[in-house]
Amino acid sequence: MATLSLPLHSQIALWRQRRRRRHDLFERISSCHQFKHAGWRWQVSYKGLETLYDDGYQKAKDLDYYYRSLGELVEHDSGPPRLFCPVDAGSPIEDAPLMLYLPGVDGMGMGLFMHHKALGRIFELRCMHIPFHDRTPFEELVEMVEDVVRAEHATSPNKPIYLLGTSFGGCIALAVAARNPCIDLVLVLVNPATSFEKSDIKQLLSVSSPLSDRARIAITSLLNYNIDNEVDMALSSMKSGRHPLEALNRLTRNISSFLKHSNILNKIPEDTLGWKMKLIQQAASYANCRLESVSAEVLLLVSCADRLLPSKSEADRLQRMLPKCKVFFFENHGHSLLLEYGVHVSSIIKCTSLYRHSRRYHRVFDYIPPSATELKEVEKAGSDLRARTCPAMFSTMGDGVVVRGLAGVPEEGPVLLVGNHMLLGIELISLATEFLRRKGRVLRGIAHPLLFPNKTKTWSEGHDFFDFLNLWGGVPMTYKYIYQLLAAGEFVLLYPGGHREALHCKGEEHRLFWPDQTEFVRMAAQFNATIVPFGVVGEDDLMELLCTFEDIRNAPFGKEIMQAYSNHLKLRDIDHEVFFPGVYLKIPGRFYYRFGKPIPTKGMQAVMTDKQAAGELYLHVKSEVKAMIAYLLEKREEDKFRSILPRILYQLGCGHDSEIPSFDP
């Protein structure tokens, strides 16, 4: 930890100087290289932040490190409140927005230590530290943060500024936002202390007033400790392959470190608790009186098992009062959420579409690729489907030879992958994760706008499908986005059949429902993109629809129900209503993917201007997709491991992680 023990104006000047140096370096690198595609410019602007980058969550330091650092900080701590830059945060990406971490009432700026690397990669991270001996009034703390915010805004008026406040720090963040409604702020509030007056901890401290301050602080710390989270962390470590003794050792080390934490209490001034309680009361009152003035975007991270504050009910109140507020609930976590296992703040900010570089969020230009932890989380969420379907992928080399794997798919973009949907788009997660794992490429999917809801409440039970779309860079279906993605040299995933294929009826498995529109081949030719047709089969080996659309239409009021359903979802075609009639699961088979021979569009200038040439290329791509589907339907009959039982037996003999054979291409 490098503490900047300088006056505030000197710290701001130093940050500006460092930022200018990074910008000048970036400009020199850009001017020294010639790029074929705008995609290379995109990659250079995010240099150092590759796909599957290390966000530090998988190697996060345990609580023993935190308590040792806290003891050293308290022992040698002096001086006024200040901001510091964590050394382990590393260097952020180019043009990263500023994030200020505002601690709880303890004032310890190390409360974000588990997230330093993850947030430090995508933000200019600064942490506020308030020494135990300091007695700065609340409004002066607000003014200190306000000075930094205003100075940053003066330098970059079009960039957002992020305030991550936990408990007491959440009140500071709300106060700054209320006093500066014209500055573009994004507040991330973790169990904010605006509910202090309604908390049980206030009554407990009153009852325990005969005890010494140090004893009362120890009681508060004990209530704050979440041993359930420590046990969950140990169990998860064992499931991920760690030796049980290693997981048990970490668990006991963290618990013993917490008990040794009591030594720190001897170094805290006797009047500290009284001052802190007075400070937090002022903070809660000040923030609550000004909530109506807060116009900033707000993300609430709320612990449902908070034993210090009624955070869950407070979240409902704050969401009613704050116009741009989203809530993310954590079911089994305590008050010190940022110190608990399984909380990935950077991923949550991505999933809620709150990470941006300018005043408006842009799904192409503000996109951050998935980290290694995020891939692991998505794989965990989709592990059951993967185990049931065991995807087998094949690709076609330039000479027409079909091989197992993705070697036939181009390495460099722009690439436009065009294929068929299975029911409910169930092939998507396996397809995207395999490309990321094997080729290090993110498939930027084009999806219906319905799949991008503005969720105001989310529960932390793993990533859902909507989170997956945001993490993997999905965009709503507009030609503007396809244009921008191809211009950026991305791998773009397009399903011309759209929702009509994903919500097909019984008997329409593996059929194409493509419109007679050739725009995607024109755009591919404009950017010299390579078109890769692909086919996927296997839904009929996993599930079957209960009835056809005709069965529903002929039922009493069936047609009216389908029309109402389609209109409600805004998915109605001119001649086809959309309805999901339900499915029943079968004994699992297997998913098969084949990627056809790449079709380079470089030199196909006629496609952009000649309607007939565009139509011919369009029909060629469509026929290739049909050929891929027919090939897979025929060849899968040769696969001895098409059924789940032979696959289970194979893995029992060869290991759970072994690749299961398939048919000979």
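For the single chain, residues carry numbers from 1 onward in sequence order. Atom set for the values below is all heavy atoms of this structure, side chains included, hydrogens, waters and symmetry mates excluded.
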Worksheet item: Between H344 and Y57, how do the two ring planes meet: parallel, tilted or perpendicular, split at 30° and 60°?
Response: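 Correct class here is tilted.
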**Request:** Can you label the angle between the F330 ring and the F328 ring as parallel, tilted or perpendicular, going by 30° and 60°?
**Result:**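 Answer is tilted, since the angle falls between 30° and 60°.
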Going by heavy atoms in the side chains, are [X] and [Y] under 4.5 Å from each other?
| X | Y | result |
| --- | --- | --- |
| H129 | F84 | yes |
| W472 | R444 | no |
| T456 | C325 | no |
| L469 | L471 | no |
| D88 | K117 | no |
| F452 | N470 | yes |
| W275 | M277 | no |
| P103 | M128 | yes |

Q: Apply side-chain contact (heavy atoms from CB on, under 4.5 Å) to V186 and L299, showing your working.
A: CA-CA 8 Å; V186 180; L299 173 62; 6.0 Å; no
Requested in this report: Count the heavy atoms belonging to other residues, nucleotides or ligands that lie under 6.0 Å from CZ of R360, then report whether that count exceeds 12.
Outcome: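 No.
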### Message
Taking OH in Y481 as the centre, count heavy atoms belonging to other residues, nucleotides or ligands within less than 6.0 Å. Is the count above 12?
### Response
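Yes, the 6.0 Å shell around OH holds more than 12 heavy atoms from other groups.
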Indicate the atoms forming the closest heavy-atom contact of [X] with [Y], along with that distance.
| X | Y | result |
| --- | --- | --- |
| P131 | G79 | CG-O, 3.3 Å |
| C127 | H116 | SG-NE2, 4.1 Å |
| A177 | L185 | CA-CD1, 3.6 Å |
| S195 | P310 | OG-CD, 3.5 Å |
| I122 | A96 | O-CB, 3.6 Å |
| A287 | T194 | CB-CG2, 4.1 Å |

Are any of the side-chain nitrogens in [X] or [Y] under 4.0 Å away from the carboxylate oxygens of its partner?
| X | Y | answer |
| --- | --- | --- |
| E490 | R441 | no |
| E152 | R150 | no |
| K324 | E297 | no |
| K159 | D95 | yes |

Interatomic distance, [X] atom [atom1] to [Y] atom [atom2] [nearest 0.5 angstrom]:
| X | Y | atom1 | atom2 | result |
| --- | --- | --- | --- | --- |
| E124 | S156 | CD | OG | 9.5 Å |
| L337 | D306 | CG | CG | 9.0 Å |
| S336 | L308 | OG | CG | 7.0 Å |
| L125 | L98 | CG | CG | 8.5 Å |
| N288 | C171 | CG | SG | 7.0 Å |
| E331 | F329 | CD | CZ | 9.5 Å |

Salt bridge (Lys or Arg N to Asp or Glu O under 4.0 Å) with [X]: which residues, sequence neighbours excluded?
| X | answer |
| --- | --- |
| K455 | D464, D467 |
| D316 | K457 |
| R317 | E314 |

Please answer whether the main-chain N or O of [Y] pairs with a side-chain N or O of [X] as donor and acceptor at a distance below 3.5 Å.
| X | Y | value |
| --- | --- | --- |
| N191 | S303 | yes |
| D366 | H357 | yes |
| T352 | I349 | yes |
| H362 | F365 | yes |

Run the numbers on Y101 and L338 for side-chain contact (heavy atoms from CB on, under 4.5 Å), then give the verdict.
-> CA-CA 11 Å; Y101 169 63; L338 299 180; 4.0 Å; yes
Problem set entry | Output field: ring centroids Y355/Y367 closer than 6.0 Å |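 For Y355 and Y367, the ring centres are not under 6.0 Å apart.
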>> Could you tell me if D55 and T373 have a donor-acceptor pair between their side chains, going purely by distance under 3.5 Å?
In response: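 D55 and T373 do have a side-chain donor-acceptor pair below 3.5 Å.
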I130: which of D106, T136, L141 passes side chain to side chain contact (heavy atoms under 4.5 Å, CB included):
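For I130, the side chain to side chain contact (heavy atoms under 4.5 Å, CB included) test succeeds with only one of D106, T136, L141, which is L141.
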* Given F491 and L485, is the side-chain contact (heavy atoms from CB on, under 4.5 Å) satisfied, shown in steps? -> CA-CA 8 Å; F491 277 49; L485 289 171; over 6 Å; no
How far apart are the C-alpha atoms of K326 and L300, what are their side-chain angles, what is the distance that settles it, and do they pass the side-chain contact (heavy atoms from CB on, under 4.5 Å) test? CA-CA 6 Å; K326 298 180 180 181; L300 287 176; over 6 Å; no
#### Entry: Inter- and intrachain pairs under salt bridge (Lys or Arg N to Asp or Glu O under 4.0 Å), touching residues 169-194, at least two apart
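Every salt bridge (Lys or Arg N to Asp or Glu O under 4.0 Å) pair that includes a residue of residues 169-194, provided the two are not neighbours, is E146-R179, D184-R356.
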Practice prompt. Just grab all the salt bridge (Lys or Arg N to Asp or Glu O under 4.0 Å) pairs involving residues 273-292, residues at least two apart or on different chains.
Written response: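 Every candidate salt bridge (Lys or Arg N to Asp or Glu O under 4.0 Å) pair involving residues 273-292 fails, so no pair, neighbours aside, qualifies.
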Tell me the side chain to side chain donor-acceptor pair (under 3.5 Å) pairs involving residues 161-177, sequence neighbours left out?
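Sorted result for residues 161-177: S167-H335.
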